[in-house]
Structures are given as structure tokens and as C-alpha cells.
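Scope of the values below: all heavy atoms of this structure, side chains included, with no hydrogens, waters or symmetry mates. Counting convention: from 1, in listed order, for ligands and their atoms alike.
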Amino acid sequence: MSFAPSLVVSPNVELSPSSFGFLDSVRDGSQIPDSSRFFSRNRAANLMSKKQKWGNHSHSTELKYPILCEGGYGSVIAASMVANPAGEMAVSAEQKVYNVVMKQAALVKRQLRTAGELDVKPDIVLPGTLSLLNEAYDRCGEVCAEYAKTFYLGTMLMTPERQKAIWAIYVWCRRTDELVDGPNASHITPTALDRWEARLEELFQGRPFDMLDAALADTVTKFPVDIQPFKDMIEGMRMDLRKSRYKNFDELYLYCYYVAGTVGLMSVPIMGIAPDSQASTESVYNSALALGIANQLTNILRDVGEDARRGRIYLPQDELAQAGLSDEDIFAGRVTDKWRNFMKSQIKRARMFFDEAEKGVLELNKASRWPVWASLLLYRQILDEIEANDYNNFTKRAYVSKAKKILALPMAYARSLLGPS
Ligand SMILES: CC(C)=CCC/C(C)=C/CC/C(C)=C/CC/C(C)=C/COP(=O)(O)OP(=O)(O)O
């Protein structure tokens, strides 16, 4: 397993959890923050007013994500540099992810904004390959239609090139997920994931292993898609094999990035940014990442009971403890007031990620906005359903009724008419 290497800044420095403004001193190297400490609400508010968007502080050591801090819920700025037990400065999950976001944004910046439309490269036609390729894309479309009906419908609104590319990406993600979640999951070893990664690298170099890989191999030659989010998704699968508990939100955030935030990053180069968008590419990527995180957090909150039955608890252990809850409470599946309060704060955080995502949808190309709005509105409603079930996510599965799903489609369409301001 290979996390991005720790950025060792300065070992053997005194930890001072009580020092106010520690991030400022970290910047000039004089002090190391305690890994568990986050800003107070006021300090967070001050910093927020200075740095409203991720895109604006590439050299900053503080980033924002909705976090539950000691004094309750509220602070949205998290220290992005944390100390490991050896007193070394390591970058937090958020900083690692942020670095990927910046890299992806830089990669597509020019291509996406040239004439507004993507300059799609023509097919390199060898006799017979074009029809094979079309067959491969058709197969991807069928898989997408079978497993993600609403999303598939949404892709029908995109240009054929974009539609096919999204299907190819979807299929690769689904196959990756199947490795650890599918019928053969119990036989999956880290070595199998290494092989899957080697195959990914081959595919990116134009040597696909099978037909479905060939569709993605073609997609990555046509759109500015980078391999990193794909590799990171495999890393998420490794994490899932290795871990069944998450110490804190930082760990959970990294997991959510690996398994879902990556999908957001893979999708932006295909969906495209509106030609009249004034937003920075980084901020659009940030929203796409936020949507992946929001979806995954929602998924986790919906599936608490199901996961517990597999011996897994994705909820941050420190926040459970702070709420006076233990693993045993979850295994017992009792809906108490402690549980309800805990769930309320978790739902609130997931909604903050959805809010962050919404800003970016407006900046996408017109044809991409509808499917994204539809999936956002539908997935966010799962949170409402958890509330409607009185927070019993142990034995009741929160789901959005067919009627509500149908209603969401025109709502999504109406929203998609709004573009960059
Ligand atoms: C917002 C902007 C600027 C762009 C959009 C970028 C996109 C498309 C982001 C979406 C990312 C995404 C779809 C992540 C997957 C998250 C997730 C939890 C999927 C759940 O998949 P399943 O496990 O099949 O779900 P169900 O269990 O609900 O069927």
C-alpha cells in the first residue's frame, strides 16, 4: 500500500495543542500542530473571510472541509498539516487530495477552455477497429444502462463523444468496485489489485487487455483524462481490504476521495466547463470532488447497519466517542437520542459537501448540467429519507421513492438552465 509519501517538514518539535494561530507558526517552521486539533469557530471564520475558495490558496497550509470539532459542529477549516506520532510533519488527507486536484486542473485548463468545446481527436482508424470500438462503447452503454439507470438517462443528453466516454469511465469504475464488492470479493488480494493497476497502466499506454478496457483506452486519447484518479481509486480498494475502522474524519475523507471523489475528477474533463464560465478550473474540480465526497458520505450514512453486519464501521471513531457512542452501540443497532444527535451532525456535514458541489454544477457545460443536477438532487434526498426514518439506518434502508425520483428530473432540468453567472 503506498500512500503519498509523508511530507516531512521538521521532526522533534514541541507539540502545542493549545497555541492559537499554530498554522501561522507552522508556515515559518517554528511549531507543529497537534493532529487532532482544529481551529476554533472564530479563528475559522476569520480565515474563511480571507480565503473563501480553495482555488485561491495554493500555498496555504490550511484548507477547508466541513469538520466536527471539539466544541461541536461548525468549523470548516481543518489543519492540513498534521503531526505523526514521531513528531514529524505530515500532510493531511485534504492536502494530498488538494494536490491531485491542482494537478488535474492544470492538465485540462487549456484544453477545456479553448473554443468552449472540446477539441475531440479523430479516431485512428485501422481496418476493422472502428466497428470493434463502437461495439466496445455499446457494451459500456449497456452496462451503464443496467446498473445506473438514472445516470444513463442523463448521459443521453450529452454529445455522443461525451456520452461514450462517460460510459467507458463508469464501466471501469464499476469493475474496480466489483473487485472488492462483487461476487469474487472474498478472493481478492492486494496482488490482484496490483495486477489491475498494471493493466490500467497498459491501457493508458494504448495496450488494452479486453474490449471494455479498449473503450477507456480510446477515451483517454480523446479527452485530457489523467491516470492519477484511476490509480487512487484502486488505492481506495486496497484501503477497504486493509481497514474496517476510521480513526477520524481525516482518514474517512481520504477514503471517500479514493472511492468517490476520484469519479468527480475523472468526469470533469469529459463533461467540460462552460465556455462563458469565469470560475477557476480548480474551483470546478473542487466542486466535482465535493460531489463525490458528499455522495460517499451519504452512502456510508445510509448503509450503517448493512456495513456493521459485515463488521465494518466507516464513521469516524473519535466523533463516535465524543458523542458517547461505541462500536457495540452500532452493532446493537439501537436508535437512541445520542445516536440521533450524532447522525444529525453527520448529515449536516454531508449537506455542506453537497452545497460546495452545487456551486460547480453551474459552471459545467450546458448539456452536462442536467445529469449532474439529477444525480445530486437524488442522492441528497437520501439524507432526507434517513431523517424521515427517524435516523434508523440500522434496519431501515433509506431510499428515494420512484415518484420523488421522477419529480427530481424536471427540477434538475430547470436548474440546468442556469449557467455561469
Ligand atoms: C459538480 C461538478 C462540477 C461535476 C460533477 C462531477 C461528478 C459526476 C461527480 C459525481 C461523482 C460520483 C458519481 C461518485 C460516486 C459516488 C457513489 C457513492 C456512488 C455510489 O454508487 P453505488 O454503490 O452504485 O450506489 P448505490 O448503492 O446507491 O446504488
Practice task
Give the numbers and elements of all ligand 1 atoms closer than 4.0 Å to a heavy atom of Ala260.
Solution key: 14 (C), 16 (C)

Handout entry: Parallel, tilted or perpendicular, as decided by the 30° and 60° cut-offs, for the rings of Trp167 and Tyr152
Key = parallel

Exercise for the section: Would you indicate whether Arg334, at its atom CZ, is surrounded by more than 12 heavy atoms from other residues, nucleotides or ligands within a distance under 6.0 Å? Expected result: no

Practice task
From atom 3 (C) of ligand 1, work out which of Val284, Leu362, Leu289 has a heavy atom at the shortest distance.
Solution key: Val284

Exercise for the section: Show which atoms of ligand 1 fall inside a sub-4.0 Å distance from at least one heavy-atom site of Ser267. Expected result: 8 (C)

Handout entry: Lys366 atom NZ, over 12 foreign heavy atoms within 6.0 Å
Key = no

Fill in the blank from the handout: Gly360 heavy atoms within 4.0 Å reach ligand 1 at atoms 3 (C)

Practice task
Give the C-alpha distance, both sets of side-chain angles, the deciding distance and a yes or no for ring-ring contact (aromatic ring centres under 6.0 Å, His included) between Phe230 and Trp172.
Solution key: CA-CA 9 Å; Phe230 292 84; Trp172 185 86; 5.1 Å; yes

Problem - Plane angle bin for Trp339 and Phe394 - parallel if under 30°, tilted between 30 and 60°, otherwise perpendicular - result: tilted

Problem - For atom 24 (O) of ligand 1, closest protein heavy-atom neighbour - result: Arg174 NH1, 4.1 Å

Fill in the blank from the handout: atom 5 (C) of ligand 1 has as its nearest protein heavy atom Val372 CG1, 3.8 Å

Handout entry: Contact bool for atom 29 (O) of ligand 1 (protein heavy atom, d < 4.0 Å)
Key = no

Exercise for the section: For atom 27 (O) of ligand 1, find the nearest protein heavy atom and state the residue, atom name and distance (0.1 Å precision). Expected result: Arg302 NH2, 2.9 Å

Exercise for the section: Nearest heavy atom to atom 20 (C) of ligand 1 wins, so pick from Ile169, Asn299, Thr298. Expected result: Asn299

Exercise for the section: Taking atom types as modelled, find out whether Glu282 and Gln104 have a side-chain donor-acceptor pair closer than 3.5 angstrom. Expected result: no

Practice task
Would you check whether Glu363 reaches within less than 4.0 Å of ligand 1, judged by its heavy atoms?
Solution key: no

Practice task
Take every heavy atom of Tyr379, measure it against each atom of ligand 1, and state whether any distance is under 4.0 Å.
Solution key: yes

Exercise for the section: Report the member of Leu265, Asn295, Leu364 with the shortest heavy-atom distance to atom 12 (C) of ligand 1. Expected result: Asn295

Practice task
Among all protein heavy atoms, pick the one closest to atom 2 (C) of ligand 1 and tell me residue, atom and distance.
Solution key: Ala288 CA, 3.7 Å

Completion exercise
ligand 1 atoms nearer than 4.0 angstrom to some heavy atom of Gln296 are 18 (C)

Practice task
Answer yes or no: is there a donor N or O on one side and an acceptor on the other, between the side chain of Glu197 and the main chain of Leu193, under 3.5 Å?
Solution key: no

Practice task
Considering the heavy atoms of Gly264, write down every atom of ligand 1 situated less than 4.0 Å from one of them.
Solution key: 6 (C), 7 (C), 9 (C), 11 (C)

Exercise for the section: Please indicate whether Phe331 has more than 12 foreign heavy atoms, meaning atoms of other residues, nucleotides or ligands, lying under 6.0 Å from its CZ. Expected result: yes

Practice task
Going by the side chain to side chain contact (heavy atoms under 4.5 Å, CB included) test, name the single residue among Leu265, Thr262, Asp226 that passes it with Val100.
Solution key: Leu265

Exercise for the section: Give a yes or no on whether a salt bridge exists between Asp355 and Arg351, defined as a side-chain N under 4.0 angstrom from a carboxylate O. Expected result: no

